[in-house]
Number of protein chains: 2
Amino acid sequence: MIAGMAPYDPSAFPPFAVTVDLVVLTVRSHALCALAVRRGEPPYQGRWALPGGFVRGDEDLSGAAARELEEETGLRAGSGVHLEQLATYGDPKRDPRMRVVSVAHLVLAPDLPAPRAGGDARSARWAPVEELLRNGEEGALAFDHARILADGVERARSKLEYSALATAFCPPEFTVGELRRVYEAVWGVALDPRNFHRKVTGTVGFLVPTGGTTTRQGGRPAQLFRAGGATILNPPMLRPEV
Amino acid sequence: MIAGMAPYDPSAFPPFAVTVDLVVLTVRSHALCALAVRRGEPPYQGRWALPGGFVRGDEDLSGAAARELEEETGLRAGSGVHLEQLATYGDPKRDPRMRVVSVAHLVLAPDLPAPRAGGDARSARWAPVEELLRNGEEGALAFDHARILADGVERARSKLEYSALATAFCPPEFTVGELRRVYEAVWGVALDPRNFHRKVTGTVGFLVPTGGTTTRQGGRPAQLFRAGGATILNPPMLRPEV
DNA sequence: CCAATAGTGTCTATTAGACACTATTGG
DNA sequence: CCAATAGTGTCTAATAGACACTATTGG
């Protein structure tokens with residue numbers, strides 16, 4: 001109730017720290033992987049965590065997320081890399097030091113050479129999400145980051161059904177088979193290559209042929225495509241039943 | 001970059017105010033309506049806004065949203081009323097007084113007798129969302145609340161497709177026709193009553209017959225149902241093409 | 001009776017999924 | 001040649017949508 005309090009009195013509301021945390025997903029060797037950084041300080045010193053940091057006084061939330069992304073990976077949002085807000089986590093006890101509200105963002109990126117460490121000396125790595133979420137005690141992510149990662153993975157899995165975001169995991173030019181392997185890695189299922197091919201090439205706006213071909217996957221040369229303008233898939237790609 | 005800053009030094013991060021804003025939706029006389037409150041203080045004094053307020057130092061985000069909801073409407077989340085986090089809005093200039101990050105929540109509720117004013121003297125009303133979003137200058141919502149409302153409405157429209165949330169707009173017992181009028185009001189389309197009936201009664205877990213009937217809508221007596229346990233609809237209810 | 005709403009049956013065009021088959025490369 | 005991947009054709013079961021028809025109330 002803003003009107004019921006004194007909005008100009010700084011003591012009328014409790015101060016919060018606001019951070020952004022990043023769930024950066026990619027597909028590496030048939031596995032869905034997330035970017036993790038090792039914490040250099042307490043709390044959770046030495047544990048793996050999601051990359052993130054404080055929102056500055058003059059930047060908006062997506063700007064802070066884009067800045068952190070570039071600092072951690074060198075990636076710039078847009079131009080093939082997808083960034084969207086995921087959810088906000090504000091349990092009073094989620095950070096033992098102080099009251100921190102974290103606005104998590106989801107990033108989908110093509111396979112990258114190697115994560116680069118941030119400006120400081122922290123190490124960073126790509127880890128299969130299955131491994132990051134499986135871990136019990138000692139290998140588990142810091143703070144509530146396992147929960148955030150799980151939410152981001154579920155968002156990505158769901159979005160592949162009704163949006164064209166799977167192309168964000170692919171290089172600028174890719175084959176239908178490579179796109180299919182993205183779906184298979186994210187969903188963790190095997191898809192029929194023939195029905196998949198017919199479906200994605202028949203969905204208007206999803207794929208645009210570039211005219212080139214490649215044999216980088218072996219076998220018969222495959223047509224190369226780039227992402228079409230469509231963002232919403234109609235009809236959607238349905239995830240097979242469990 | 002948490003590790004790169006001094007996390008215990010209060011001057012190392014800028015202080016934020018954190019609020020929750022509520023998009024409370026209901027269906028009244030065939031129209032999708034949202035709860036709006038009139039602002040009693042500057043900025044935007046006298047303008048309509050979404051209900052909301054500061055998050056307290058010891059409560060989590062959904063707790064703050066539930067508290068504000070009860071203060072504004074007397075509704076308690078759960079038991080037929082749906083509350084979920086929507087998105088977070090943090091543009092540095094969204095509030096002229098100070099840096100405020102608002103975690104918006106979406107509430108779906110059955111038709112209510114009348115909104116009750118909050119503890120203070122502010123007035124409150126249900127307004128068709130079409131009217132709140134249509135308005136140019138003088139009737140427009142305060143702050144970035146038009147954007148928040150639009151995002152909430154789009155979330156609700158989308159969720160009716162693949163979840164059983166439409167029942168949150170209905171009283172505890174309702175007919176298939178009443179449920180259909182919810183879909184029609186939220187989506188703004190006309191649906192075939194016969195196909196709709198077959199579809200919702202054929203989706204397992206969506207509706208449970210109570211055994212009673214009613215003629216409150218006129219015509220032949222209709223069976224009464226309550227919401228089944230299902231949260232995800234399979235198959236989904238598809239929104240007709242544009 | 002008529003108007004209104006509830007509910008069932010049936011037909012058709014479309015689609016998801018299974019799978020046979022051909023095409024084109026490298027080794 | 002064989003193995004691997006790409007791509008097309010075809011069949012079947014399920015489904016969305018159109019719409020005829022019957023059922024049961026109030027006025």
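In what follows, chains carry the letters A, B, and so on, assigned in the order in which the sequence lines appear, proteins first and then strands, with residues in each chain numbered from 1.
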Using a strict threshold of under 4.0 Å (side-chain N to carboxylate O), is an ion pair present between [Y] and [X]?
X	Y	value
A/D151	A/R155	no
A/E154	A/R239	yes
B/R125	B/E131	yes
B/E70	B/R76	yes

Checklist entry - Got more than 12 heavy atoms from elsewhere within 6.0 Å of CZ, B/R147? => result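 For B/R147, atom CZ is not crowded (no more than 12 foreign heavy atoms under 6.0 Å).
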Checklist entry - Is there a donor-acceptor pair closer than 3.5 Å between any side-chain N or O of B/Y183 and the backbone N or O of B/L191? => result no
Checklist entry - Where the side chain of A/K199 meets the backbone of A/P236, is there a donor-acceptor pair that is under 3.5 Å apart? => result yes
Checklist entry - Rounding to a whole Å, what distance do you find between B/D192:CG and C/dT12:P? => result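 B/D192 atom CG is separated from C/dT12 atom P by 18 Å.
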Checklist entry - Quick one: A/M237 CE to C/dA16 P, roughly how many Å, whole number? => result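 Distance, rounded to whole Å: 9 Å.
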Checklist entry - Quick one: CZ on A/R38 to CH2 on A/W48, what's the gap to the nearest 0.5 Å? => result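 Here the interatomic distance stands at 4.5 Å.
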Checklist entry - Does anyone know the first and last nucleotide of DNA chain D in reach of chain A, 5' to 3', at under 4.0 angstrom to a heavy atom? => result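 With heavy atoms of chain A under 4.0 Å away, the range is D/dA4 to D/dT10.
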Checklist entry - In residues 208-219 of chain B, what residues come within less than 4.0 Å of DNA chain C, judged by heavy atoms? => result B/Q217, B/G218, B/G219
Item to check | Nearest-nucleotide comparison on DNA chain D, the residue closer to the 5′ end among A/E178 and A/R198 | outcome: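 Its nearest nucleotide lies further toward 5', so the answer is A/E178.
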Checklist entry - Between A/R220 and A/N195, who's closer to the 5' end of DNA chain C by nearest nucleotide? => result A/N195
Next on the checklist: Any heavy-atom pair between the side chains of B/M237 and B/V200 that's under 4.5 Å?
Outcome noted: yes
Item to check | Distance-only polar pair, side chains of B/D111 and B/T26, donor-acceptor under 3.5 Å | outcome: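 Absent: no donor and acceptor within the cut-off.
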Checklist outcome for this item: The correct list of stems in which DNA chain D takes part (3 or more consecutive Watson-Crick or G-U pairs, distances under 3.5 Å) is C:1-27 with D:1-27
